[in-house]
Q: 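The structure that follows is given in the form of structure tokens.
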Amino acid sequence: MKKRNGIVNAFSVLIGVAAGCVAYYTHTSYKRSEDKVNRLDSYYRTMQGWIKCKQKDFSLKDYFDNLGANNIAIYGMGALGELFYNEMKMENIRVTAFVDKNAEALVEGLEGLPVVSLEDIGEYNIDTMIVTPVFAFDEVAELVKDEEVKLISLDELYS
């Protein structure tokens with residue numbers, strides 16, 4: 001009888017561990033899915049605002065002139081970063097550099113512009129930085145809080 005209780009206890013522990021692993025994996029998988037949905041939703045809302053501004057003839061050039069922005073950087077070399085760079089180029093607005101958390105791997109951005117890390121933005125006298133991965137704005141703001149740079153989220157720009 002004692003041996004049987006020991007086997008039942010061991011089996012119960014194994015079932016508990018297995019159930020815990022399944023619960024952890026399910027929670028982790030759900031969290032990743034939820035994060036992805038939130039990112040895609042933020043992209044959707046940003047693009048929707050962008051299109052509305054284009055339809056109203058919103059001028060980036062006027063916006064940055066009024067802001068007094070001289071050395072503008074784009075944070076994020078993803079799809080939105082590239083689209084925003086092309087928008088800036090169409091309005092003849094000079095971009096000083098790209099900023100990305102993976103700067104070491106990227107080295108050079110579009111059309112030969114430098115890609116720098118957040119730690120190196122001071123070397124380029126960046127006064128304004130547009131954050132294109134809008135879901136990461138708070139994280140970027142925390143990392144550059146000691147820099148004298150005006151941070152603007154892409155969704156804020158087009159709201």
Q: Tell me whether the rings of F58 and Y158 are parallel (<30°), tilted (30 to 60°) or perpendicular (>60°).
A: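 The arrangement is perpendicular - the two ring planes meet at more than 60°.
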Q: Pair V144, M129 - check side chain to side chain contact (heavy atoms under 4.5 Å, CB included), show working.
A: CA-CA 10 Å; V144 298; M129 187 163 54; 4.3 Å; yes
Q: State, yes or no, whether a side-chain contact exists between L113 and V95 at a heavy-atom distance under 4.5 Å.
A: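 A side-chain contact exists here, since the closest heavy-atom pair is under 4.5 Å.
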Q: To the nearest 0.5 Å, what is the distance between OG (S153) and CG (L151)?
A: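 Atom-to-atom, S153:OG and L151:CG are 9.5 Å apart.
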Q: Quick one: pull up CD in Q48 and SG in C53 and give me the separation to the nearest 0.5 Å.
A: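 Rounded to the nearest 0.5 Å, the CD-SG separation comes to 11.0 Å.
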Q: Which residue, N92, L157, I130, forms the side-chain contact (heavy atoms from CB on, under 4.5 Å) with L60?
A: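 So, applying the side-chain contact (heavy atoms from CB on, under 4.5 Å) to L60 and each of N92, L157, I130, only L157 qualifies.
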Q: Between CG of D65 and OG of S59, what distance do you get to the nearest 0.5 Å?
A: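 One gets 7.5 Å once the value is rounded to the nearest 0.5 Å.
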Q: State, to 0.1 Å, how close V134 and D155 come at their nearest heavy-atom pair, and which atoms those are.
A: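 Minimum heavy-atom separation between V134 and D155: CG1-N, 3.5 Å.
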Q: Take L118 and E147 through the side chain to side chain contact (heavy atoms under 4.5 Å, CB included) test and state the conclusion after the steps.
A: CA-CA 10 Å; L118 287 169; E147 300 287 334; over 6 Å; no
Q: Which heavy atom of I121 sits nearest a heavy atom of V116, and at what distance?
A: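 Shortest heavy-atom contact: CG2-CG2, 4.2 Å.
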Q: Quick one, L40 and S42 - any side-chain contact, counting heavy atoms below 4.5 Å?
A: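 A side-chain contact under 4.5 Å is absent here.
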Q: Within the structure provided, determine whether Y124 and P114 are in side-chain contact (heavy-atom separation under 4.5 Å).
A: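 When only atoms from C-beta onward are counted, P114 and Y124 do touch, with a gap below 4.5 Å.
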Q: Are the side chain of N66 and the backbone of D62 linked by a donor-acceptor contact shorter than 3.5 Å?
A: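 Answer holds: yes.
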Q: So how far is it from D41 CG to K36 NZ, rounded to the nearest 0.5 Å?
A: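 Atom-to-atom, D41:CG and K36:NZ are 14.5 Å apart.
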Q: Taking C-beta and beyond as the side chain, do T128 and L67 meet within less than 4.5 Å on heavy atoms?
A: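 Sidechains of L67 and T128: in contact.
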Q: Could you pull out every donor-acceptor pair under 3.5 Å between side chains of residues 68-89 and any protein atom, sequence neighbours left out?
A:
unit_1, atom_1, unit_2, atom_2, d
N71, OD1, R94, NH2, 2.9
N71, OD1, T96, OG1, 3.4
N71, ND2, N125, O, 3.0
Y85, OH, E111, OE1, 2.9
N86, ND2, E82, O, 3.3
E87, OE2, K54, NZ, 3.0
K89, NZ, E111, OE2, 2.4

Q: From K150 NZ over to I152 CD1, what is the distance, rounded to the nearest 0.5 angstrom?
A: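 K150 NZ to I152 CD1: 5.0 Å, rounded to 0.5 Å.
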Q: Just jot down the salt bridge (charged side-chain N to carboxylate O under 4.0 Å, His left out) partners of E142, sequence neighbours excluded, or say none.
A: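 In terms of salt bridge (charged side-chain N to carboxylate O under 4.0 Å, His left out), with neighbours along the sequence ignored, E142 is linked to K145.
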Q: Under 4.5 Å between side-chain heavy atoms, counting indirect links through other Ile/Leu/Val/Met/Phe/Trp/Tyr residues: same cluster for Y63 and I51 or not?
A: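 They do not share one cluster, since no chain of ILVMFWY contacts under 4.5 Å joins Y63 to I51.
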